[in-house]
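What follows is a short report on a single structure.
Within every chain, numbering begins at 1; the chains are lettered A, B, ... in the order of the sequence lines, protein sequences first and strands thereafter.
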Amino acid sequence: MNYSWNWAVLVQDPYVQWLVWGTEMTMAISIAALIIALVIGTAIGVLHSSDDRIVRSVMGAYISVFRNVPLLLQMFLWFFVVPEILPGGAGRWLKRDLPYPEIVTSIIALGLFTSSRIAVQISAGIDAVPRGQRMAARASGLSMLQVYRLVLLPQAVRIIVPPLTSEILTIFKNSSIALTIGVYELTAQTQQIQSMTYQGFEAFTAATVIYVTIALLVTLLMRGVERWTALPGTVSGGVSVQF
Amino acid sequence: MTKTEMIKVDKLSKSFGQLQVLKDCSLTVRQGEVVVICGPSGSGKSTFVKCINGIEEFQDGQVTIDGVSLGFRGREAAKMRARIGMVFQHFELYPHLTVLENICLAPIHVLKRTRDEAEARARKLLNRVGLADKESVYPAQLSGGQQQRIAIVRALAMDPVAMLFDEPTSALDPEMIGEVLAVMLELAREGMTMIVVTHEMGFAKAAADRMVFMDKGSIIEIGETKRFFEAPNSERARLFLSRILAH
């Protein structure tokens with residue numbers, strides 16, 4: 001292989017700056033999308049666990065649509081198709097006046113896609129809480145909203161911390177798809193460095209290291225969350241049950 | 001209706017799809033009365049008790065608590081439920097809350113008591129059942145008997161007009177049954193209105209004013225405790241008693 005290595009490009013101006021901007025953009029769209037996904041995903045997941053058959057099936061439909069259509073296609077749909085099919089004013093506003101349209105669109109697409117996956121986890125977590133908990137909470141006079149907020153969700157979230165961790169890891173990796181609608185996140189910046197300097201190996205190595213570092217930090221953080229929410233006397237908290 | 005009728009169940013019927021689990025069950029419990037429901041498993045005892053505070057829905061009949069008719073949904077139904085304490089077979093303490101938080105949850109969020117008020121009341125009740133030192137531990141750190149006593153305290157903290165017990169000792173190791181029954185017996189002596197589903201016939205003899213015998217979703221017999229044990233009216237109750245008292 002005839003490749004002349006030059007690791008120095010990574011610390012040269014402006015390429016080092018591009019990597020920093022890319023990392024910042026990746027963090028920004030991932031975290032914004034994660035917030036959307038957690039809020040909407042929790043709401044949909046809670047409603048999906050309801051006893052009402054109609055509510056259940058409507059939430060099931062939402063989950064099916066956003067979970068089963070490829071993320072790349074969803075990005076394209078939100079960016080190219082939705083502004084065209086929305087009636088008059090709204091469509092025009094999206095095309096002409098929406099600030100940073102590619103960034104906003106990528107956040108919404110990534111957020112809604114991930115919300116469907118988080119909804120499934122929340123719903124499964126709630127189902128995993130013993131039936132009697134709901135019964136005891138209702139018997140004490142709590143309203144349905146209070147039953148979820150005070151009794152079911154705190155237990156469900158503890159159950160789903162491990163799968164939730166991989167979902168958060170995935171959202172950082174999936175954010176790279178935003179490059180297809182023109183967001184200059186980490187992968188896009190790396191590609192740009194490659195096309196400007198022809199030092200692709202160095203650029204993509206740098207991106208790899210940065211993605212892995214983010215993943216490790218998230219994993220570490222979530223382990224902390226797991227430890228912090230573990231209940232004394234339960235096995236998951238590392239403390240044996242004592243009688 | 002007289003003032004002393006605390007719980008009145010009138011022709012209650014319930015089915016799961018095709019399967020009818022309760023048929024025309026009627027029962028009136030007076031204030032301060034202790035009623036024990038017994039019967040073979042699958043006879044609908046638990047379902048019947050759960051219908052009384054509306055956590056199980058029923059298709060037909062009416063439940064009246066302290067003169068107010070019970071519905072299933074909305075704030076009114078929740079308010080009604082708050083007035084009846086319920087103790088479950090599997091305790092159902094909230095595992096993510098400490099003992100004190102378990103007891104104070106409903107008083108704070110349903111009765112809108114201040115935290116200080118709720119905690120003071122909780123500590124008083126914990127003291128009574130001998131578990132004052134356990135207020136800051138989590139349910140998983142307690143024995144079954146301790147958990148069930150906490151569950152009773154949690155129900156009492158709502159100052160209920162009546163208490164329902166759904167097989168409160170069935171999930172307990174034999175050596176822990178006594179401590180739970182002792183608390184229940186004391187409650188009965190203090191004049192709490194109670195409906196208890198249990199197989200503990202010793203407790204029934206000591207505490208119950210009246211016995212209810214259920215089989216296959218129907219109330220077969222209601223009788224004064226002493227008479228029920230000495231000479232039950234129905235053949236089915238006699239058979240049941242001979243089996244359960246034999247050992």
Is chain A contacted by the side chain of Leu93(B), its backbone, both, or neither, given a heavy-atom distance below 4.5 Å? backbone
Could you name the residues of residues 99-133 of chain A that have a heavy atom within less than 4.5 Å of a heavy atom in chain B? Gly132(A), Gln133(A)
Contact part of Arg83(B) toward chain A, heavy-atom cut-off under 4.5 Å: side chain, backbone, both or neither? neither
Student check: side-chain heavy atoms of Val151(A) and Leu105(B) closer than 4.5 Å: yes
Between atom CG of Asp51(A) and atom CD of Glu57(B), what is the distance when rounded to the nearest 0.5 Å? 8.5 Å
Between Leu111(B) and chain A, with a heavy-atom cut-off of 4.5 Å, which part of the residue counts as in contact: side chain, backbone, both or neither? neither
Less than 4.5 Å apart, side chain to side chain, heavy atoms only: is that true for Glu56(B) and Met135(A)? yes
Ignoring hydrogens and geometry, is there a side-chain-to-backbone donor-acceptor pair from His96(B) to Arg158(A) under 3.5 Å? no
Counting heavy-atom pairs under 4.5 Å to chain B, which of Met144(A), Arg134(A), Gln155(A) comes out on top? Gln155(A)
Spatial distance of atom CG (Leu142(A)) from atom NE2 (His109(B)) [nearest 0.5 Å]: 7.5 Å
dist Leu152(A):CG -> Tyr94(B):OH (nearest 0.5 Å) comes out at 9.5 Å
Among residues 159-177 of chain A, which residues come closer than 4.5 Å to chain B, judged by heavy atom distances? none
Going by heavy atoms in the side chains, are Arg81(B) and Ser140(A) under 4.5 Å from each other? no
